[in-house]
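Residue numbers begin at 1 in each chain, while the letters A, B, ... track the order of the sequences.
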Protein chains: 2
Amino acid sequence: MTTASTRTVRKPRFDSLFQEAYLNLWRTYDRLKVVEDELFVRFDLSAQQYNALRLLEAAQPGTLPTLALGTKLISRAPDMTRMLDRLEERKLVHRERKPENRRVVEVGISPVGLSLLEELSGLVREGHKRQLGHLAARELKQLIELLQAARDPHEEPGGRWHKPPRD
Amino acid sequence: MTTASTRTVRKPRFDSLFQEAYLNLWRTYDRLKVVEDELFVRFDLSAQQYNALRLLEAAQPGTLPTLALGTKLISRAPDMTRMLDRLEERKLVHRERKPENRRVVEVGISPVGLSLLEELSGLVREGHKRQLGHLAARELKQLIELLQAARDPHEEPGGRWHKPPRD
DNA sequence: ACACAATAGTTGTTGCAACGTGTATCGTCC
DNA sequence: GGACGATACACGTTGCAACAACTATTGTGT
């Protein structure tokens, strides 16, 4: 990540502060993701599938249209259909088309899905603590604030991850 | 990402500050990654392949053993062989085994690879500016500091991404 | 009433990530 | 000198991400 240099420094060198920040973000996410993956692999689940189940849990007893669920996910999911295929195959979610608009597929969490989330609840909480438990509340809030500022120009206005204006 | 709630708030709700921080990290990385991918896709390159080329550029005219290159990468790469296969196929890198130890494969960047990096140089710099150019230097440094603190317990001691002790 | 645009989801396909196992080679110990 | 453990890389395989095109349905405009 550095241009050719005769200096024998062993720490990374960066082209710009912007690049340094982004590579730190990438590296940090990569390191912490490992902790999360270790947990979810035991349940044969990806972090994104877990995310989807949580969103459906929040919507119940209601359901969410496929597209709406997709926009609420933390990370991009260009193939919602297959993702939901796999969750439905395990009976974690149920899907149906309403007669009012047969283009739309409504997705809901199933009792099996709710049970799985119940089982995961404490473990996920512990996992996040293992990831970031060494930081103080003040540092965490600061980090959140800066991450929000960092990505705001890249969020949809009005989107759920868009920072609301401060009065 | 929230437990079942009758409150109709539209913003995400979190189980803990740790979870909130991690999900913000995930979301921010996901949003900024899109900007980077838009650039690299034009050169039929992944961010990780670009990272590898930069590391080899830094090492030249020397080379790096496959394993050493792997440990320097920003994100985990469990199959270095195939990743390097693809780079070698495009003549961006060259590989050789030394007679001293025929287990080890030394990897070096090729003139074609150097040309590609030259071509990408300004574009990558601009890309990072598009990602994070809206933040002030003070905010970027603060973000970097916090990201380092966040991941330090998850880094190898002595590793290149491990924060060196401050005196 | 019909044509066409827009919307929502599905499908075909390719490339690759990732895991686990296998192979070749070197280092150590007896 | 040979057995065995360790190291480095290669390979077989599966699952899935991602892109683009397709299909079905609804909404709009004339």
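With dA10(D), dA8(C), dT11(C) as the candidates, the nucleotide lying closest to the side chain of Thr81(A) is dT11(C).
Residues passing the side chain to side chain contact (heavy atoms under 4.5 Å, CB included) test with Arg42(B) are Leu39(B), Leu123(B), sequence neighbours excluded. Contacts of Glu36(B) classified as side chain to side chain donor-acceptor pair (under 3.5 Å), with partners at least two apart in sequence or in another chain: Tyr22(A). Annotation: side chain to side chain contact (heavy atoms under 4.5 Å, CB included) contacts of Ser46(A) (sequence neighbours excluded): Gln48(A), Gln49(A). For Asp85(A), the side chain to side chain contact (heavy atoms under 4.5 Å, CB included) criterion is met by Thr81(A), Arg82(A), Arg95(A), not counting sequence neighbours. With sequence neighbours excluded, the residues satisfying side chain to side chain contact (heavy atoms under 4.5 Å, CB included) with Ala59(B) are Leu64(B).
Between the C1' atom of dT10(C) and the CG atom of Leu84(A) lies a distance of 12 Å, rounded to the nearest Å. Here dA8(C) presents its P atom at 5 Å from CG of Leu67(A), a figure rounded to the nearest Å. Whole-Å rounding puts the Glu96(A) CD to dA8(C) C1' distance at 16 Å. Nucleotide dC19(D) holds its C1' atom 18 Å from the CZ atom of Arg42(B), rounded to whole Å. With rounding to whole Å, Asp85(A) atom CG is found 14 Å from dG12(C) atom C1'. The CE atom of Met80(A) sits 13 Å away from the P atom of dA18(D) (whole-angstrom rounding).
For the pair Thr66(A) and dG9(C), the criterion of a side-chain N or O lying under 4.0 Å from OP1 or OP2 is met.
For the salt bridge (Lys or Arg N to Asp or Glu O under 4.0 Å) condition, no pair includes a residue of residues 117-136 of chain A, sequence neighbours left out. Screening residues 100-115 of chain A for side-chain hydrogen bond (donor to acceptor under 3.5 Å, both in side chains) gives Thr63(A)-Glu106(A), Asn101(A)-Arg103(A) as the qualifying pairs, with residues at least two apart or on separate chains.
Checked for salt-bridge contact, Arg27(A) and Glu155(B) meet the test: a charged N lies under 4.0 Å from a carboxylate O.
For the pair Val112(B)/Arg90(B), no side-chain contact is recorded, criterion being any heavy-atom separation below 4.5 Å from C-beta on.
Summary of helix geometry: the two end axes of the helix from dA1(C)-dT30(D) to dC30(C)-dG1(D), each defined by five base pairs via their C1' atoms, are inclined to each other by 10° (rounded to 10°).
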- prompt: With the sugar-phosphate defined as primed atoms, P, OP1 and OP2, and the base as all remaining atoms, what B/S/- string results for nucleotides 14-26 of chain C, 5' to 3', for protein heavy atoms under 4.0 Å?
  reply: --SSBB-----BB

